[in-house]
Amino acid sequence: MSLPPLVEPAAELTVDEVRRYSRHLIIPDVGMDGQKRLKNAKVLVVGAGGLGSPALLYLAAAGVGTLGIIDFDVVDESNLQRQVIHGQSDVGKPKAESARESIEEVNPYTKVVLHKERLDSSNALEVFEGYDLVLDGTDNFATRYLVNDACVLSNIPYVWGSIFRFDGQVSVFWNEYGPNYRDLYPEPPPPGMVPSCAEGGVLGVLCASIGSVMVNEAIKLITGIGDPLVGRLMIFDALEMTWKTVKVRKDPEGEPITELIDYEEFCGAVSEDAQEAAADSTITARELKEKMDSGEDFHLVDVREKNEYEIVSIPGATLIPKGEFLTGEAFSKLPQDKQIVLHCKSGGRSAEALSALKGAGFSDAVHVGGGVLAWVNQVDPSLPTY
Amino acid sequence: MDVIINGERRDMAPHTTVADVVRSLTEENSGIAVAVNDEVVPKAAWAGTTVTENDRVDVLTAVQGG
């Protein structure tokens, strides 16, 4: 299925631009016309992170005239393994600003518009106004459903990609011509089921594999060439080194999208059971340290995965991954006569495990709010974070 | 009846539905997409779609990373 070009061509290219884009101009399918369309295009990139990094660099290099960047985060050292638009000297800087500086170096003819606010239901439609398409490289389900719904309401294409460890998925959702994200995944997985990259890790170069497909599709949509990835989902397996394509259709029973909703609630950052379990059973990292120093007899359990435990752990903690709490396997490994204290990386998984543990009768169990990250911040800053 | 689920051949009972295949893999049913012979089956149709001999069923999990 070919689609009409998304963007009208700009009036002309300057002599400098002709020199710069000559390798595009001599491809018959792109040519002057396609390059002028790129010049006139306004693309919004949500998230200047793993996918946003290569996407922004290649969109800029390709000659996209206006790039919007929405990101409220700052560059962290742990981003540099994959977020190639940022460098060592950018650590601590807002990602949006760091990305703009790199883009200016790659292509001074690209105009960069920064949106440093957090995207939410109250501002999304306003932010999207004026953009021809949105490319999404955010790191959470709530934002992905928000971007999808706002693209549907704004009637613009949504170039979507997501990554985890060695796996990537990429597609173009465009309600006018094909399915939207909800036709593929009507609801998010239950909170805690699917780890984020911060919890589960991601192979850095996977960002380039998926990000490059996203840019490829954005260029095709803008210039109206080729067969866009509308109605097809591509699934990449970096270990097997396979790409699989499956067809996606509009779900005839799908609920129409008529307004933006509360996406945090829709995706439930932490399940209600976990919130309830943690409500009066959360201690701080400092309180944990006090318990240790006063010689209190309790059993500290780290519910993260083994490789996370190897990076950094709280002294004296026993490793039992969260999954074993959910299956019930963990309970027989725990002493019955001591208070159980759980922790994870930042408090989400330990709250889930706590809920299961309390359900099994360990009523005085608690978890550490903020997890090992809080321990490093509040108790022992000499330890690494990840 | 042999069905190829996520690349592995498995013996399934006749009249197995897409919903049955999902249930055989996970207790969850949200955040999951299923493709039969490279076409995604909308969730509302899982229970009413039976798989047949040698069908390729891919059960995908939504990932959020970016």
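Each chain gets a letter, A, B and so on, in the order its sequence line appears, and its residues count up from 1. Since this is a predicted model, take the numbers as computed values, not measurements.
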Quiz item: Under a 4.5 Å heavy-atom cut-off, does chain B meet the side chain of A:Pro186, its backbone, both or neither?
Solution: side chain

Quiz item: For A:Ile210, is it the side chain, the backbone, both or neither that has a heavy atom under 4.5 Å from a heavy atom of chain B?
Solution: neither

Quiz item: For A:Val248, is it the side chain, the backbone, both, or neither that has a heavy atom closer than 4.5 Å to a heavy atom of chain B?
Solution: both

Self-check item: Part of B:Ala35 within contact of chain A (heavy atom distance under 4.5 Å)
Solution: side chain

Self-check item: Side-chain heavy-atom pair A:Leu233, B:Leu60 within 4.5 angstrom cut-off
Solution: yes

Practice problem: Please state whether the side chain, the backbone, both or neither of A:Glu187 comes within less than 4.5 Å of a heavy atom of chain B. | Solution: both

Quiz prompt | Shortest non-hydrogen contact between A:Ser162 and B:Val63, atoms and distance | solution = OG-O, 2.8 Å

Quiz item: With side chains defined as the heavy atoms from C-beta onward, is the minimum distance between A:Lys244 and B:Asp38 less than 4.5 Å?
Solution: yes

Quiz item: Which atoms of A:Thr245 come close to chain B, meaning under 4.5 Å heavy atom to heavy atom: side chain ones, backbone ones, both, or neither?
Solution: backbone

Quiz item: Relative to chain A, which segment of B:Asp58 carries a heavy atom at a distance below 4.5 Å: side chain, backbone, both, or neither?
Solution: side chain

Exercise. Could you tell me whether the side chain of A:Gln169 and the main chain of B:Thr61 form a donor-acceptor pair under 3.5 Å?
Key: yes

Exercise. Any chance you could measure A:Tyr185, atom OH, to B:Lys43, atom NZ, to the nearest 0.5 Å?
Key: 12.5 Å

Quiz prompt | A:Tyr58 atom OH: more than 12 heavy-atom contacts under 6.0 Å | solution = no

Exercise. State, to 0.1 Å, how close A:Arg144 and B:Gly66 come at their nearest heavy-atom pair, and which atoms those are.
Key: NH2-CA, 4.0 Å

Exercise. Could you tell me which of A:Gly49, A:Pro188, A:Gly137 has the largest number of non-hydrogen atom pairs under 4.5 Å with chain B?
Key: A:Pro188

Practice problem: Inspect the surroundings of CD in B:Glu53 and state if more than 12 heavy atoms from other residues, nucleotides or ligands are less than 6.0 Å away. | Solution: yes

